[in-house]
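One is the number of the first residue; the rest follow in order along the sequence.
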Amino acid sequence: MYCSNCGTFNDDNNFRCIQCGTVIQQVGPGPQQPYAGVHDEVPNHLVMSILVTLFCCQILGIVALVYSSQVGSKLAAGDYEGAVQASSNAKTWATIGAVSGFIVLAIYMIFMFAVGIQGL
């Protein structure tokens, strides 16, 4: 096999050129970075997930935390679609947790107001 950079003949098993060191043959699949640049900025919704876990609904917040922690690792692995899906799932679960927390709080306040009026 000839090096495309300097033209030196190399053995077929060589990874780099023996003369100039240029990579002449790729062994196995290389690192996947088909979505460099703009696509690296997939929101992970981690702050929202933590706040929901602490203040609203722990179970739904933990589910959102799991999904938001998957975003970075999927991007690092080159799985852009998986990272977008995990980001979407994290946002969905965090939103459901926040809304359900506010609904429970509203019901509790209405109940306490009704009990307070009854006591008068």
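- Closest approach of S49 and S68 over heavy atoms only: OG-OG, 3.7 Å.
- By the side-chain contact (heavy atoms from CB on, under 4.5 Å) test, L51 pairs with V47, F55, sequence neighbours left out.
- Side-chain contact between K74 and V84: absent, with no pair of heavy atoms (C-beta onward) separated by less than 4.5 Å.
- Closest of all the heavy-atom pairs between T8 and C17 is CB-SG, 4.0 Å.
- Every residue meeting the side-chain contact (heavy atoms from CB on, under 4.5 Å) condition with T53, not counting sequence neighbours, appears here in chain and number order: I62, L65.
- In this structure F9 satisfies the ring-ring contact (aromatic ring centres under 6.0 Å, His included) test together with Y2, sequence neighbours excluded.
- For N89, the side-chain hydrogen bond (donor to acceptor under 3.5 Å, both in side chains) partners are Q85, not counting sequence neighbours.
- Qualifying side-chain contact (heavy atoms from CB on, under 4.5 Å) partners for Q58, counting only residues two or more places apart in sequence or in other chains: none.
- Distance check: Q70 CD to D79 CG gives 10.0 Å after rounding to the nearest 0.5 Å.
- Checking side-chain atoms of S87 against main-chain N and O of P43 turns up a donor-acceptor pair under 3.5 Å.
- Annotation for L105: hydrophobic cluster partners, listed by chain and number, are M109 (ILVMFWY side-chain heavy atoms under 4.5 Å, direct or chained).
- Listed by chain and number, the hydrophobic cluster partners of L60 are V63, Y67, W93, I96, where partners are ILVMFWY side chains within reach of under 4.5 Å, directly or through others.
- V99 belongs to a hydrophobic cluster whose other members, connected by ILVMFWY side-chain contacts under 4.5 Å either directly or through intermediates, are I103, I107.
- Scanning all heavy atoms of the two residues, the minimum distance from C20 to C6 falls at SG-SG, 3.7 Å.
- One hydrophobic cluster, built from ILVMFWY side chains closer than 4.5 Å, cannot hold both F111 and V104; they sit in different ones.
- Contact record, K91 with M48: O-CE, 4.3 Å, taken as the closest heavy-atom pair.
- Side-chain N or O atoms of T92 include one that pairs as donor or acceptor with a backbone N or O of S88 at under 3.5 Å.
- The minimum heavy-atom distance linking C56 with A98 is given by the pair SG-CA, 4.0 Å.
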